[in-house]
Amino acid sequence: MTAIGRPHTAPTPASPGPGGSVLDPRAVAADPDRIKANLARRRADADTVAGVDRIVELSGRRGGLVQERDELRARRNSLSDEIGGLYKAGRRDEAEARKAEVAQGNTRIAELETELGALEEELRATALGLPNLVDDDVPEGTSEADNVQVGTWGTPRTFDFTPQPHVEVGEALGILDLERAAKLTGTRFSVLRGLGARLERSLASFFLDLHTREHGYTEVAVPYLVHARIAEGTGQLPKFAGDMFRLAEPLNGETTYLVPTAEVPVTNLHRDEILEAEQLPLQYVCFTPCFRSEAGSAGRDVRGLIRVHQFHKVELVWVTAPEDSDAAHASLVRHAEEGLRRLELPYRSMLLSSGDTSFSAARCIDLEVWLPSQKAFREVSSCSNFRDFQARRMNLRYRPPGEGGKKGKPAFAHTLNGSGLPLGRVLVALLENYQQADGSVVIPDALRPYVGADRIALGD
RNA sequence: GGAGAGGUGGCCGAGUGGUUGAAGGCGGCAGACUCGAAAUCUGUUGUGCCGCAAGGUACCGGGGGUUCGAAUCCCCCCCUCUCCGCCA
């Protein structure tokens with residue numbers, strides 16, 4: 001049967017489909033220098049920046065070719081009409097003369113279409129490789145060192161003993177078993193046991209309840225496998241194929257990946273749709289496992305639950321009208337933060353610098369939770385506003401209100417998402433922040449109804 | 001896995017190879033009638049691409065083919081439904 005293949009680095013061509021123009025081609029053509037300046041802000045490489053000029057050039061050539069082809073088609077259509085009439089009138093030789101002209105035109109049309117096909121494929125591939133533009137007010141910078149702290153909450157607890165890393169805490173309690181996990185799938189996997197497993201399951205219920213009951217999200221359950229085209233829609237493909245696990249065999253005829261985050265299937269739910277303005281905003285919350293190859297992260301966070309090939313996450317996804325996405329982003333961040341506050345975990349929020357903002361995002365706020373053993377804040381949530389970047393890729397539109405109460409032309413929606421929250425890393429934070437001198441771990445109040453215990457002690 | 005049926009506009013549903021982007025109905029929108037509403041009547045009501053525009057062009061699940069011309073004919077694929085088998 002179908003096996004899971006090794007992550008691959010060669011970009012898989014996703015099936016061609018509609019959309020695929022990443023940045024607004026008109027906007028690119030109108031002011032390529034502005035686009036290039038923005039790409040420079042996010043430290044795009046020279047090849048990427050060169051793609052802008054290539055797009056301008058290809059788009060221009062495309063227009064001419066399309067026009068010539070359409071004129072030939074128009075001629076063919078009218079000639080065909082005439083031929084029909086001539087046949088009916090029995091004027092065969094006149095019909096034959098027109099047939100000859102159509103045949104000639106068809107030859108040229110075929111040439112043009114071959115040329116157009118190649119040109120459009122290159123245009124598409126080039127456009128898909130361009131990252132989103134970062135917002136103007138995103139802080140200038142090259143890396144996470146340039147991120148700007150925009151908020152902080154809680155006070156790290158003071159310990160009268162040396163706080164242990166989560167691995168020591170969990171293994172000592174018998175709720176975390178990395179050795180046995182390694183027997184099954186090698187490094188970067190975990191096995192939870194007893195109240196450890198229950199605690200993780202409780203976090204899922206807790207976050208889902210929080211967001212559905214208090215924050216207005218609709219819960220969805222989705223496939224954990226997606227076709228390549230879907231991963232292209234959110235921006236994982238074509239550039240980051242190596243970050244995902246790919247099935248060794250096509251599924252239902254198409255190249256298929258394990259989801260790296262619920263963002264991918266959930267954001268794509270409404271691809272190729274035109275949503276009514278009244279339907280917006282859409283707010284989805286979705287619990288899924290997440291599979292990541294972690295290619296290129298060898299040696300980083302090798303121990304424990306912080307960086308693993310499989311973890312669980314509750315994800316928040318929004319689809320909004322363009323004018324509402326800034327407010328939605330603020331709400332999204334607040335909703336994710338609320339998860340940490342209810343669990344009484346200290347955190348800070350960081351506005352990512354231009355160089356640290358991910359490929360698809362226009363702006364991103366990371367939430368970082370305090371880990372006592374590392375005396376450091378570690379990322380638990382990236383809340384991003386993608387503006388219309390993903391929507392263009394997946395042809396996700398809505399119908400804005402038009403002039404005088406009439407309906408307007410379909411326009412691209414905005415999409416956003418953020419973790420709310422990842423179970424593994426939150427579990428790490430709980431084990432570390434709530435550990436006691438005797439090795440037990442106190443369960444925060446908010447989780448006690450879910451866990452059915454107020455503490456995890458040795459022997460539980 | 002085996003056998004069969006089917007995929008047409010927001011929905012239902014016609015469609016003989018040639019004014020069919022697509023009849024008809026429902027729904028939606030606008031107007032008339034009304035004090036208002038219902039009912040009725042009239043009109044209108046898809047999306048992409050090229051173009052300043054006028055306009056042109058493409059799209060009837062997807063792709064290929066036949067033809068001067070394809071929603072209509074042929075081939076391949078995908079999806080949905082029914083029955084059988086298997087299975088959580």
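In the text below, chain A, chain B and the rest are named by the order of the sequence lines, each starting its count at 1.
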Practice prompt. State the dot-bracket string of RNA chain B. Criteria: Watson-Crick or G-U wobble, both atom distances under 3.5 angstrom; notation: ( ) intrastrand, [ ] crossing earlier pairs, | interstrand, . unpaired.
Written response: ((((((((.[[[..)..(.....]]]((((((.......))))))(((((....))))).[[[[[..)....]]]]])))))))....
Could you tell me the separation between the [atom1] atom of [X] and the [atom2] atom of [N], rounded to a whole number of Å?
{"X": "R69(A)", "N": "U57(B)", "atom1": "CZ", "atom2": "P", "result": "11 Å"}
{"X": "Q279(A)", "N": "G10(B)", "atom1": "CD", "atom2": "P", "result": "14 Å"}
{"X": "L119(A)", "N": "C50(B)", "atom1": "CG", "atom2": "C1'", "result": "14 Å"}
{"X": "R229(A)", "N": "C78(B)", "atom1": "CZ", "atom2": "P", "result": "13 Å"}
{"X": "K99(A)", "N": "U67(B)", "atom1": "NZ", "atom2": "P", "result": "10 Å"}
{"X": "E276(A)", "N": "G28(B)", "atom1": "CD", "atom2": "C1'", "result": "10 Å"}
{"X": "L396(A)", "N": "U47(B)", "atom1": "CG", "atom2": "P", "result": "16 Å"}
{"X": "L251(A)", "N": "C79(B)", "atom1": "CG", "atom2": "C1'", "result": "14 Å"}

Could you check which of [options] has an atom nearest any side-chain atom of [X]?
{"X": "R399(A)", "options": "A58(B), G46(B), C49(B)", "value": "G46(B)"}
{"X": "S80(A)", "options": "G18(B), A58(B), C49(B)", "value": "G18(B)"}
{"X": "R62(A)", "options": "C49(B), G69(B), U47(B)", "value": "C49(B)"}
{"X": "P410(A)", "options": "C50(B), U47(B), G69(B)", "value": "U47(B)"}

Worksheet item: Just one of I443(A), L173(A), I456(A) clears the side-chain contact (heavy atoms from CB on, under 4.5 Å) bar with L195(A), so which one?
Response: I456(A)
When the [atom1] atoms of [M] and [N] are compared, how many Å lie between them, rounded to an integer?
{"N": "U72(B)", "M": "G65(B)", "atom1": "C1'", "result": "15 Å"}
{"N": "G63(B)", "M": "U44(B)", "atom1": "P", "result": "32 Å"}
{"N": "G69(B)", "M": "U80(B)", "atom1": "C1'", "result": "32 Å"}
{"N": "G13(B)", "M": "G25(B)", "atom1": "C1'", "result": "8 Å"}
{"N": "C87(B)", "M": "C74(B)", "atom1": "P", "result": "40 Å"}
{"N": "U57(B)", "M": "U20(B)", "atom1": "P", "result": "15 Å"}
{"N": "G10(B)", "M": "U45(B)", "atom1": "P", "result": "14 Å"}
{"N": "A14(B)", "M": "G7(B)", "atom1": "P", "result": "9 Å"}

Worksheet item: What is the ring orientation for H335(A) with W318(A), classed by angle as parallel under 30°, tilted 30 to 60°, or perpendicular over 60°?
Response: parallel
Worksheet item: Which class fits the ring pair H211(A) and H215(A): parallel under 30°, tilted 30 to 60°, perpendicular over 60°?
Response: tilted
Report which part of the nucleic acid [X] touches: base, sugar-phosphate, or nothing (heavy-atom distance under 4.0 Å, all strands).
{"X": "I83(A)", "result": "base"}
{"X": "R397(A)", "result": "sugar-phosphate"}
{"X": "R73(A)", "result": "sugar-phosphate"}

Worksheet entry | 5′-ward residue of the pair R75(A)/K409(A) relative to RNA chain B | K409(A)
Worksheet entry | Most 5' of A103(A) and G253(A) on RNA chain B, judged by nearest nucleotide | A103(A)
Discussion item. For a quick test of reading the model: is some side-chain N or O of N77(A) closer than 4.0 Å to OP1 or OP2 of A58(B)?
Written reply: yes
Fill in: N/O (side chain, N106(A)) to phosphate O (OP1/OP2, U67(B)) under 4.0 Å
no
Pairwise distance [atom1]([X]) to [atom2]([Y]) - rounded to 0.5 angstrom:
{"X": "E263(A)", "Y": "S360(A)", "atom1": "CD", "atom2": "OG", "result": "7.0 Å"}
{"X": "L178(A)", "Y": "T187(A)", "atom1": "CG", "atom2": "OG1", "result": "8.5 Å"}
{"X": "I109(A)", "Y": "L72(A)", "atom1": "CD1", "atom2": "CG", "result": "5.0 Å"}

Worksheet item: Can you check whether H270(A) and Y284(A) have ring centres sitting under 6.0 Å from each other?
Response: yes
Worksheet item: What about H309(A) and F291(A), are their ring centers closer than 6.0 Å?
Response: no
Worksheet item: Can a donor-acceptor pair be found between the side chains of S325(A) and R387(A) at a distance below 3.5 Å?
Response: yes
